[in-house]
Amino acid sequence: MILIADSGSTKTEWGWVEEGKLTRTLTSAGINPYFQTREEIAREIASALSPVPGGRIDAVYFYGAGCAFPEPIENVREAIRSVLPVPTEVHSDLLAAARAVCGRRPGIAGILGTGSNACLYDGTRVVDHIPPLGFILGDEGSGAALGKRLVGDCLKRQLPPRITEAFLERFQLTPATILERVYRTPFPNRFLASLSRFVGEHLAEPALYALALDCFRRFFRRDVRPYPDSGRYPVHLVGSIAFHYQEVVSEAARLEGVTLGTIAKAPMEGLVRYHAG
């Protein structure tokens with residue numbers, strides 16, 4: 001039996017796979033080595049998996065946000081092995097997306113969730129990658145970027161007053177509490193992404209539809225089109241934002257001259273197929 005983990009900044013989905021079939025899933029808090037120490041990650045995993053349900057685990061395949069460089073990869077691997085002392089591979093959430101939607105075929109794969117990312121994939125590995133840069137410098141089209149744009153446009157009076165009033169009332173926020181949550185509490189990206197729900201709930205408002213459309217167009221312009229082969233392959237997307245905003249994402253792709261392929265809410269099903277093969 002193998003254990004596959006798909007971890008973003010907001011949540012982690014664990015899947016038990018036996019004889020090529022997903023037999024059990026469990027959801028726990030998100031894990032990100034850029035925001036958490038090895039010890040904190042180990043405690044989070046132990047809380048989620050101890051005692052480990054589902055029987056003996058022979059190997060763990062962990063795909064996670066922030067797992068793109070050797071040091072964070074090693075921190076996550078050692079944290080897992082402190083709880084489950086079995087062979088463990090740690091890869092980026094971007095490789096998870098590519099394996100899930102492209103399988104063993106080349107293509108462009110992207111993530112639109114709490115954060116965003118995209119890569120050129122050759123059917124085995126990521127061969128070209130524009131850095132996402134996080135929600136402060138990048139993460140275009142992500143939930144955090146949508147929330148950040150929404151907050152900025154509301155507080156800088158770029159949206160109709162009735163929309164700003166409805167937004168602040170919806171989440172019981174004030175400018176002071178927003179600044180506190182963004183600048184002085186952990187995981188501001190999660191907080192901003194949680195606010196993006198307001199945009200999705202009010203896409204009939206022309207100003208909010210235009211906000212979302214611009215965010216997704218920026219994703220295709222800055223994270224997809226710079227690849228030399230961007231016109232050769234369709235772009236496959238994974239993530240809750242891609243899934244729930246499909247209509248706007250499709251329009252943004254059309255306006256940017258990008259051909260869309262598969263849109264999946266989560267990569268687990270595709271990862272099971274990949275590892276079963």
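Computed from a predicted structure; not experimentally measured.
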Is there a path of hydrophobic side-chain contacts, each under 4.5 Å between heavy atoms of I/L/V/M/F/W/Y residues, joining Leu211 to Leu173? yes
Report the C-alpha distance between Glu39 and Arg43 in whole Å, list the side-chain angles of each, state the deciding distance to 0.1 Å, and finish with yes or no for salt bridge (charged side-chain N to carboxylate O under 4.0 Å, His left out). CA-CA 6 Å; Glu39 292 72 23; Arg43 285 197 296 271; over 6 Å; no
Are any non-hydrogen side-chain atoms of Leu94 and Pro132 less than 4.5 angstrom apart? no
Take atom CD in Glu40; do more than 12 heavy atoms of anything else shown fall under 6.0 Å from it? yes
For the atom pair CZ (Arg99) and NE2 (His275), what is the distance rounded to the nearest 0.5 Å? 5.5 Å
How many angstroms lie between atom CG of Asn189 and atom CG of Asn32, to the nearest 0.5 angstrom? 7.5 Å
With a 4.5 Å limit on heavy-atom distance, are the side chains of Phe171 and Arg197 in contact? yes
Return the OG to CD1 distance between Ser82 and Ile45, rounded to the nearest 0.5 Å. 7.0 Å
Ser7 side chain vs Ile31 backbone, donor-acceptor pair below 3.5 Å: yes
Can you check whether Leu112 reaches Phe216 side chain to side chain, under 4.5 Å on heavy atoms? yes
Short question: side chain of Arg181, backbone of Ile178 - any donor-acceptor pair under 3.5 Å? no
Between Ser142 and Ser116, a side-chain donor and acceptor under 3.5 Å: no
Spatial distance of atom CD (Glu251) from atom CZ (Arg217) [nearest 0.5 Å]: 8.5 Å
Taken to the nearest 0.5 Å, the spacing of Ile57 CD1 from Glu18 CD works out to 9.0 Å
With heavy-atom distances below 4.5 Å as the criterion, would you say the side chains of Asp93 and Val238 are in contact? no
Hey, what do you get for CD1 (Ile80) to CG (Asn75), rounding to the nearest 0.5 Å? 11.0 Å
Under a 3.5 Å distance rule, please check whether Thr12 uses its side chain to pair with a backbone N or O of Asp6 as donor and acceptor. no
Does Tyr121 reach the side chain of His236, with side-chain heavy atoms less than 4.5 Å apart? no
Do Leu260 and Ser250 pass the side chain to side chain contact (heavy atoms under 4.5 Å, CB included) test, and can you show the C-alpha distance, the side-chain angles, and the key distance before you say yes or no? CA-CA 7 Å; Leu260 280 184; Ser250 296; 3.6 Å; yes
Do Asn117 and His129 make a side-chain contact, defined as non-hydrogen atoms from C-beta onward lying under 4.5 Å apart? yes
Counting distance only, does the side-chain N/O of Ser196 pair as donor-acceptor with the main-chain N or O of Ala193 below 3.5 Å? yes
In this structure, would Tyr34 and Ile73 fall into the same cluster of hydrophobic residues linked by side-chain contacts under 4.5 Å? no
Is there a side-chain contact between Tyr245 and Val199, using heavy atoms and a 4.5 Å cut-off? yes
If two hydrophobic side chains count as joined below 4.5 Å and joins carry through other members, does Phe69 share a cluster with Phe35? no
Any link between Ile4 and Trp16 through a network of hydrophobic side chains (Ile, Leu, Val, Met, Phe, Trp, Tyr) touching at under 4.5 Å? no
Quick check: closest heavy atoms across His91 and Cys67, and the distance to 0.1 Å? O-CB, 3.6 Å
Before you tell me yes or no, could you show the steps for Arg162 and Glu165 under salt bridge (charged side-chain N to carboxylate O under 4.0 Å, His left out), namely the whole-Å CA-CA distance, both residues' side-chain angles and the distance that decides it to 0.1 Å? CA-CA 5 Å; Arg162 60 183 176 78; Glu165 291 167 8; over 6 Å; no
Run the numbers on Lys148 and Asp139 for salt bridge (charged side-chain N to carboxylate O under 4.0 Å, His left out), then give the verdict. CA-CA 11 Å; Lys148 178 182 172 182; Asp139 273 357; over 6 Å; no
Is there a donor-acceptor pair under 3.5 Å between the side chain of Gln246 and the backbone N or O of Phe243? yes
So, for Phe191 and Phe187, is the gap between ring centers shorter than 6.0 Å? no
Do Leu208 and Phe198 touch side chain to side chain, with heavy atoms closer than 4.5 Å? yes
Would you say Glu74 has more than 12 foreign heavy atoms packed within less than 6.0 Å of its CD? yes
Whether Arg225 engages the ring of Phe220 as a cation-pi pair (distance to the six-membered ring centre under 6.0 angstrom, angle to the ring normal within 45°) should be assessed. no
Determine whether Ile241 and Leu213 fall in the same hydrophobic cluster, where Ile, Leu, Val, Met, Phe, Trp and Tyr are linked whenever their side-chain heavy atoms lie under 4.5 Å apart. yes
